[in-house]
Amino acid sequence: MWHWTIGRRLAALALVALVALLALGIVALQAVSLMKADSATRERFTAINAQLLTLDIHHGDLQVASRDSFAASTPADEQTAQQELNDGADAAGQVFTATARPPRYGWRCSSRSRWRSR
């Protein structure tokens with residue numbers, strides 16, 4: 001190897017640089033694919049967080065409607081408060097059923113109520 005001509009040494013150096021660039025490109029492509037997967041996960045968690053905030057707002061509305069129902073002085077006020085309570089419960093139920101999903105990531109609940117790997 002030490003008796004190679006300048007042309008062969010330059011060719012070997014170019015080959016080593018090409019292999020290094022190829023390895024670097026492969027690593028970069030893998031990093032980009034991981035970033036895309038992380039972005040999708042982040043978007044999913046953001047959507048779930050928005051749904052949980054909506055549930056929190058409905059929870060506050062239900063508390064107010066419940067207090068109004070207990071503090072109603074006339075039957076009409078009680079009926080209005082009860083209607084608000086029912087409407088809030090329906091809205092919260094719709095958000096909850098949209099949020100609640102079966103567990104993912106390779107886990108399931110068996111018939112004996114234990115979490116097991118698939």
(message) Which residues pass the side-chain hydrogen bond (donor to acceptor under 3.5 Å, both in side chains) test with Asp68, not counting sequence neighbours?
(response)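 Result, side-chain hydrogen bond (donor to acceptor under 3.5 Å, both in side chains) vs Asp68: none returned.
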
If I take atom [atom1] from residue [X] and atom [atom2] from residue [Y], how far apart are they, to the nearest 0.5 angstrom?
X	Y	atom1	atom2	answer
Leu29	Leu24	CG	CG	10.0 Å
Leu62	Ile57	CG	CD1	12.0 Å
Gln82	Glu78	CD	CD	7.0 Å
Asn49	Asp56	CG	CG	10.5 Å

(message) Does Gln79, at its CD atom, have more than 12 non-hydrogen atoms belonging to other residues, nucleotides or ligands within less than 6.0 Å?
(response)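 Open.
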
(request) List in chain and number order the residues that pass side-chain contact (heavy atoms from CB on, under 4.5 Å) with Thr80, two or more places apart in sequence or in another chain; answer none if no residue qualifies. (result)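 Checked Thr80 against side-chain contact (heavy atoms from CB on, under 4.5 Å); matches are Glu84.
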
(request) List, by chain and number, the other hydrophobic cluster members for Leu53, where Ile, Leu, Val, Met, Phe, Trp and Tyr join if side-chain heavy atoms come within less than 4.5 Å, directly or indirectly. (result) none

(request) Please name the pair of heavy atoms, one in Arg9 and one in His3, separated by the smallest distance, quoted to 0.1 Å. (result) NH2-N, 4.4 Å

(message) Test your reading of the model: is there a side-chain donor-acceptor pair from Ser39 to the backbone of Met35, 3.5 Å cut-off?
(response) no

